[in-house]
Structure formats: C-alpha cells, structure tokens
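Order of the sequence lines fixes the chain letters, A, B, ..., with proteins taken first and strands second; residue numbering starts at 1 for each chain. The shown structure was predicted, so the numbers you read here are calculated from the model rather than taken from an experiment. Quick note: numbers below take in every heavy atom, side chains included, and nothing from hydrogens, waters or symmetry partners.
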Amino acid sequence: MRIVFLGTPEFGVPSLKALVNAGYDVVGVFTQPDKPKGRGNKMQQSPVKECALSLGIPVYQPVKIRIDGVEDLRNLKPDLCVTAAFGQILSQEILDIPAIGTVNVHSSLLPKYRGSAPINWAIIQGEERTGITTMMTDKGLDTGDILLQKEMDILPGETAEELTVRMAPLGAELLIETIRRLENGNCPREKQNEAEMSYFPMLKKEMGEIDWRMTAHEIVCRVRGLTPWPGCYMLLDNGETLKIWKAEEMECEAMAPGTMISADPKAGLVIAAGKNAVRIAELQAQGGKRMNAKDYLRGHPLTHQVSVKREEENNG
RNA sequence: CGCGGGGUAGAGCAGUUCGGUAGCUCGUCGGGCUCAUAACCCGGAGGUCGAGGGUUCAAGUCCCUCCCCCGCAA
C-alpha cells in the first residue's frame with residue numbers, strides 16, 4: 001500500500017516511524033516549509049522533515065498544498081494519505097486523490113476539542129481525561145467520521161509538553177491499528193455527534209497573560225496547558241514580565257486578586273487569585289533562564305506588585 | 001550579518017560607568033543557643049571572575065577575537 005504522510009511537529013514523528021516499521025510503503029512526506037527561527041533567524045526544518053530525511057523518504061514542502069502541492073501529491077499515486085498535525089487545510093481536490101481516503105490522527109476524543117491545539121485546550125479546561133481519535137478527514141475542520149478512539153488519563157500537574165510526549169506514541173499505535181482494520185474491512189466508522197462537539201482556536205501569545213481574578217485552579221491549568229508554548233506570564237507594575245513555568249494551587253482565605261502574599265526565598269512566591277492562591281514554583285525573567293522561584297528571589301528582591309490584568313485601565 | 005540581555009564560589013545576584021585586597025543572600029562544613037526547629041549567634045571551607053590575546057606598575061573592570069546561555073521578533 002502506497003502511503004503519503006503529512007505532518008509537521010514532534011507529535012507526528014512516532015506515527016511516521018510506525019508506518020515505516022509496520023512495513024508500509026511511505027512514498028512521500030509533506031511538511032511545512034523550513035522557516036527562519038530563533039536567534040540569528042536560522043532556517044529550521046520541522047521534526048517530521050528531519051525524520052523523513054533520515055528514513056530516506058522524499059520530502060515535499062508546499063507553502064499551500066491545496067495550491068502548489070496538488071501535482072506532487074497526485075504523481076505519488078497514494079492509496080492512502082495520513083495526516084498528523086500537518087498544519088494546513090486540505091481541499092476537496094486533495095482529499096479526492098488517495099483511493100482509500102485520508103486518515104487523520106487527532107489528539108482529543110472527538111467531537112470534543114476540535115481545532116489545532118486539542119492537547120493544550122484539554123488541560124486548560126481542567127480535563128482529567130483525554131485520548132486519541134483516528135478519523136476519515138473530510139472538508140470540514142476535524143469533522144470527519146470517527147474510526148477508532150483510545151482514552152487516556154491526564155496526570156495531575158501534567159503539562160501540555162509532557163502529555164504530548166505520552167500521546168504521540170499512542171497516536172502511532174492507534175494509527176497502525178486503524179490502517180490494519182481498514183485493510184481488513186472491519187474498521188468501525190461513525191459520524192460525529194454534532195450536538196456534543198466543541199471547537200477551540202489556535203493558541204495565541206496573549207492567552208498566556210495571567211488574569212489574577214481567575215481562580216487559582218484555572219490559572220494553574222492555564223500554566224500547564226500553555227507550557228512550553230506560548231507560556232504564561234505575569235505583569236509586574238514596573239512593566240517587567242515574569243514567565244511562569246510551574247505553579248500550584250494553595251488554599252487561602254479570600255483577598256484581593258494579585259496580592260503578593262509572600263515573595264521571599266524562604267516562603268516562596270505566593271500570589272492571591274480570584275479564589276485561593278497560586279504558588280509559583282519555577283519562573284523565568286526576561287533575558288534570564290528558567291529557575292526555581294526561591295532561587296530567583298535570592299538575587300532579585302521582589303518589591304513590585306503584580307498587575308491584575310494589563311487592559312484593566314483601558315476598557316474600564 | 002533581525003533586535004536585545006547575560007556568563008563572578010554548589011544556587012541566585014552585586015561589583016565593570018571612573019582599573020588598585022573578591023562581595024551579598026543562601027547552601028555546605030564545624031561549634032554554640034534551644035524541649036525543639038526551616039529560627040538565632042559564632043567560625044571555616046569553597047573563585048582559572050566563560051576562553052584566548054592585548055594595554056598597564058596593576059585588569060572581574062579598558063581594547064580585540066572566539067565560545068556558550070537566554071529574552072523578543074518571526
């Protein structure tokens with residue numbers, strides 16, 4: 001069976017490897033174009049591209065596959081396309097190319113958490129359970145028929161980074177099982193229940209700004225869900241920002257959100273939220289590196305208060 | 001050559017402007033106080049000041065080169 005794989009970030013790598021290890025003929029890999037990244041704006045290739053190159057598979061990097069990738073895909077004559085966090089929308093023209101269709105590996109229990117960042121959003125929303133869904137891609141956004149699903153727990157305190165690492169191999173496993181059953185003609189296939197669907201948007205930098213009026217639990221979930229990118233940060237009233245890497249909820253009597261309850265190397269950094277308080281365990285200053293809050297406070301006495309929310313004074 | 005911050009004891013930092021004995025808060029080790037302690041008191045160990053070169057009587061500090069780390073923007 002000729003398979004074309006479409007994926008970009010780390011999440012897709014185990015699936016690509018699994019296809020090859022399972023003996024499928026992966027005839028081509030599509031991934032996002034190399035982009036200038038980081039200091040010095042050096043060109044950087046996607047994890048999926050690196051993997052494909054190491055496996056000796058031809059790589060295609062159309063800017064928009066539905067425009068300048070159609071010919072290449074058609075020439076590969078795939079029986080099946082597999083997507084795993086590719087990052088581009090597939091047109092009907094693209095979907096019509098593979099004979100069997102296009103299977104997508106999605107990291108949520110569809111129809112919940114449609115969209116491009118399901119792992120992050122599940123954590124932000126405080127879910128304790130999630131899973132992998134394989135589906136037949138259709139023209140909508142994560143709306144295709146569900147093939148197989150596998151549930152898993154979200155561990156207490158787990159970050160999106162950690163959960164992604166655990167989910168990717170599970171996705172690979174479920175992908176292989178899905179293809180096997182498609183080949184054998186015994187793969188279940190079910191329409192999504194639109195009444196139960198939920199959709200969440202792409203992550204944005206601004207989502208990481210802490211609003212101390214939220215409950216401590218909500219803040220901690222947000223920190224976990226946005227780690228490592230885009231990350232959460234708090235604003236000091238001197239204009240500096242501190243990125244928060246690790247935080248936990250602490251019980252505490254009600255007080256004004258944003259109140260700095262403690263900020264010394266012994267007691268740690270504790271700030272009042274809308275309900276309870278948040279103890280910041282690891283943080284990172286601008287230009288600095290990630291460190292324990294207590295270490296930070298040893299060399300940086302925190303005399304400034306935190307701002308509850310930046311836009312507060314604007315929209316009144 | 002995208003913009004910027006940084007590398008000083010095990011950790012986090014000051015000192016560099018204007019060259020002149022290596023400091024602070026902790027940790028660690030020893031001693032003391034205490035019913036006791038993450039508290040307090042006394043004492044000790046621990047530094048090629050990122051690397052190399054240059055200027056100088058003298059360089060953490062000034063000049064040149066290089067390495068490494070980080071933030072922003074993408």
According to side chain to side chain contact (heavy atoms under 4.5 Å, CB included), who are the partners of [X], at least two apart in sequence or on a separate chain?
| X | result |
| --- | --- |
| A/Leu236 | A/Met234, A/Asn238, A/Glu240, A/Leu242, A/Leu302, A/His304, A/Val306 |
| A/Gln92 | A/Leu95, A/Asp96, A/Lys139 |
| A/Arg298 | A/Pro265, A/Lys294, A/Asp295 |
| A/Asp25 | A/Arg2, A/Val27 |

- Does the pair A/Asp211/A/Arg213 count as a salt bridge with the N-to-O cut at 4.0 Å? yes
When both hydrogen-bonding distances must be under 3.5 Å and the geometry is Watson-Crick or G-U wobble, what is [N] paired with, if anything?
| N | result |
| --- | --- |
| B/C26 | B/G10 |
| B/G20 | B/C57 |
| B/C72 | B/G2 |
| B/C40 | B/G32 |
| B/G47 | none |

- Message: Counting the atoms with a prime plus P, OP1 and OP2 as sugar-phosphate, which does A/Lys205 contact under 4.0 Å by heavy atoms, base, sugar-phosphate, or nothing?
- Response: sugar-phosphate
- May I ask you to say what A/Pro36 touches in the nucleic acid, namely base, sugar-phosphate or nothing, with a heavy-atom cut-off under 4.0 Å? base
Atom-pair distance ([atom1] on [X]; [atom2] on [N]), nearest Å:
| X | N | atom1 | atom2 | result |
| --- | --- | --- | --- | --- |
| A/Gln32 | B/A74 | CD | P | 17 Å |
| A/Leu297 | B/A38 | CG | P | 21 Å |
| A/Arg290 | B/A11 | CZ | P | 18 Å |
| A/Glu282 | B/G12 | CD | P | 13 Å |
| A/Leu283 | B/G71 | CG | P | 13 Å |
| A/Leu242 | B/G71 | CG | P | 14 Å |
| A/Met291 | B/G7 | CE | P | 12 Å |
| A/Arg298 | B/G10 | CZ | P | 15 Å |

- The residue, A/Lys266 or A/Ala285, whose nearest nucleotide of RNA chain B is more 5′ is A/Lys266
- Distance check: side-chain N/O of A/Lys294 vs OP1/OP2 of B/U25, anything under 4.0 Å? no
- Item | Distance below 4.0 Å between A/Gln286 side-chain N/O and B/G4 OP1 or OP2 | no
If the [atom1] atom of [N] is compared with that of [M], how far apart are they to the nearest Å?
| N | M | atom1 | answer |
| --- | --- | --- | --- |
| B/C18 | B/G71 | C1' | 31 Å |
| B/U8 | B/U61 | P | 14 Å |
| B/C41 | B/C33 | C1' | 7 Å |
| B/G12 | B/C70 | P | 13 Å |
| B/G60 | B/G53 | P | 14 Å |
| B/U16 | B/G23 | P | 15 Å |
| B/C42 | B/G6 | P | 35 Å |
| B/G50 | B/A59 | P | 15 Å |

- Message: Using a 6.0 Å cut-off, check whether atom CE of A/Met202 has over 12 heavy atoms from anything other than its own residue.
- Response: no
- Check the pair A/Thr134 / A/Thr178 against side-chain hydrogen bond (donor to acceptor under 3.5 Å, both in side chains), numbers first and verdict last. CA-CA 7 Å; A/Thr134 54; A/Thr178 301; 2.9 Å; yes
- Task: Identify which nucleotide among B/A73, B/A74, B/G12 has an atom closest to any side-chain atom of A/Lys37, counting heavy atoms from C-beta outward.
- Result: B/A74
- Message: If the condition is side-chain hydrogen bond (donor to acceptor under 3.5 Å, both in side chains), which residues does A/Glu50 pass it with, not counting sequence neighbours?
- Response: none
- Taking it one step at a time, do A/Tyr113 and A/Glu127 satisfy side-chain hydrogen bond (donor to acceptor under 3.5 Å, both in side chains)? CA-CA 11 Å; A/Tyr113 296 101; A/Glu127 299 284 350; 2.7 Å; yes
Restricting to nitrogen or oxygen on both sides, can you table the protein-nucleotides 67-69 of chain B pairs closer than 3.5 Å?
none

